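Reading through the structure tokens given below for one structure.
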Amino acid sequence: MTEQAADLIILEPIKLPVSIAELGEGPCWDHFTGSLYWVDIPAGRVHRIDSSGDHSFWNVGWPPGAVVPRAHGGLVVAAGVGFVTLDPDTGAVAPLASADPGNRNVRMNDGACDRAGRFYAGTMAYDESPGKGTLYRLEPDHSVTALIGGVGISNGIGWSPDDRLMYYIDSLEYRVDVFDYDLATGEMSQRRPFVSLGSGDVMPDGLAVDSEGSVWVAVWGGGVIQRYSADGRLTGVVRLPAAHVTSCAFGGPGLDQLYITTAAGPGRSAGALFTCAAGVTGLPAYPYQG
Ligand code: ZN
């Protein structure tokens with residue numbers, strides 16, 4: 001863990017009364033419907049809590065790594081080695097695009113859309129062997145572009161409030177990296193370390209960016225979310241009663257709640273979904289524009 005600053009803010013989350021996931025991941029707030037979506041990867045399920053608190057889930061047939069709302073309605077899920085659509089009204093699942101057809105050794109992991117509606121998601125090897133993953137982009141025309149090869153565990157993706165920076169985590173590198181980003185073209189350039197954290201079984205996983213430009217990083221094996229200012233200083237911690245903290249997303253009507261997913265493992269609430277008042281608003285999840 002990084003050394004604590006004197007003014008470090010410590011937040012305590014509450015556990016939500018929904019099903020326990022084996023590997024909860026990919027929280028995503030859909031502000032059109034006031035719903036939170038997330039996935040349980042090995043269970044093959046997309047989950048939702050709607051604005052009335054009702055919990056639903058759908059089996060998608062492939063391991064889902066990330067789910068985003070679609071501007072035309074419904075959802076797009078990075079699942080298996082590609083992307084599928086999911087209609088939450090009917091449960092219908094349909095293939096949309098394949099990223100790595102025929103590759104049975106990898107699966108889609110974390111993903112997110114930029115403000116222009118391009119869906120970024122990357123793969124990892126089932127056995128977590130290094131260098132087998134790739135970061136892909138599902139373009140609005142449904143074509144898929146391979147962007148970065150040789151990835152270990154492709155994970156958290158997010159953008160600064162002005163869209164001029166893109167954050168990206170390859171967990172096996174024990175770093176959050178940052179690129180210069182061109183929203184008009186989707187060009188990523190000048191990859192460099194933003195923060196380094198973890199070692200051994202403790203590694204950065206998912207991330208979320210707030211309206212001040214701070215980056216909230218889920219620390220797998222560390223039982224915490226760590227908040228880093230835009231200049232890379234540790235300024236806040238959310239402590240979870242689960243070691244395997246996987247990801248986080250801002251949600252709620254005011255986008256000021258941080259939703260946190262966890263996985264099975266050490267901790268009395270491993271696999272539960274949590275929320276806490278973040279004390280700051282987050283950036284919204286952008287829908288896929290294709
Ligand atoms: Zn992850």
Side-chain angles (χ1 to χ4, degrees), residues 20-29 36-47 60 62-68 76-81 83 99 106-113 119-130 132-136 148 151-159 166-177 194-195 197-198 200-209 215-228 238 240 242-251 258-265 267 270-274 285:
I20 296 297
E22 185 177 345
L23 178 48
E25 264 281 7
C28 177
W29 179 260
L36 181 80
Y37 289 92
W38 73 99
V39 301
D40 185 351
I41 297 173
R45 286 179 177 171
V46 172
H47 290 265
V60 295
W62 293 273
V67 55
V68 297
V76 179
V77 186
V81 290
F83 299 87
V106 300
R107 64 161 173 83
M108 280 290 185
N109 203 41
D110 211 340
C113 289
F119 188 3
Y120 289 78
T123 51
M124 60 173 283
Y126 280 98
D127 66 4
E128 301 185 5
S129 55
K132 300 291 170 59
T134 302
L135 178 66
Y136 296 98
I148 302 172
V151 175
I153 300 178
S154 189
N155 252 314
I157 297 169
W159 290 265
M166 177 177 172
Y167 296 97
Y168 178 57
I169 292 172
D170 176 348
S171 296
L172 295 187
E173 300 290 343
Y174 299 100
R175 280 199 322 270
V176 184
D177 283 347
F194 171 63
V195 293
L197 69 152
D201 293 334
V202 177
M203 57 186 84
D205 194 332
L207 68 80
V209 183
V215 182
W216 301 64
V217 181
V219 185
W220 173 274
V224 291
I225 301 279
Q226 300 197 147
R227 180 188 190 227
Y228 295 93
V238 187
L240 285 304
H244 293 157
V245 183
T246 54
S247 192
C248 57
F250 287 93
L258 191 70
Y259 289 95
I260 302 160
T261 49
T262 66
L273 178 71
F274 297 86

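Sequence positions, counted from 1, serve as the residue numbers for this chain. Everything numeric here is computed off the predicted structure, so don't read it as measured data. In each ligand, atom 1 is the first atom listed, and ligand 1 is the first ligand listed.
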- Query: Taking both backbone and side chain into account, is any N, O or S atom of D110 nearer than 2.8 Å to the Zn ion (ligand 1)?
  - Reply: no
- Query: What orientation do W216 and F250 show, parallel under 30°, tilted 30 to 60°, or perpendicular over 60°?
  - Reply: perpendicular
- Message: In terms of relative ring orientation, are W220 and H244 parallel, tilted or perpendicular, with 30° and 60° separating the classes?
- Response: parallel
- Task: To the nearest 0.5 angstrom, please state how far the CD1 atom of I225 sits from the CD1 atom of I260.
- Result: 4.5 Å
- So what does the D205 OD1 - the Zn ion (ligand 1) - E25 OE2 angle come to, to 10°? 100°
- Taking both backbone and side chain into account, is any N, O or S atom of S247 nearer than 2.8 Å to the Zn ion (ligand 1)? no
- Minimum side-chain heavy-atom gap L197-V176 below 4.5 Å: yes
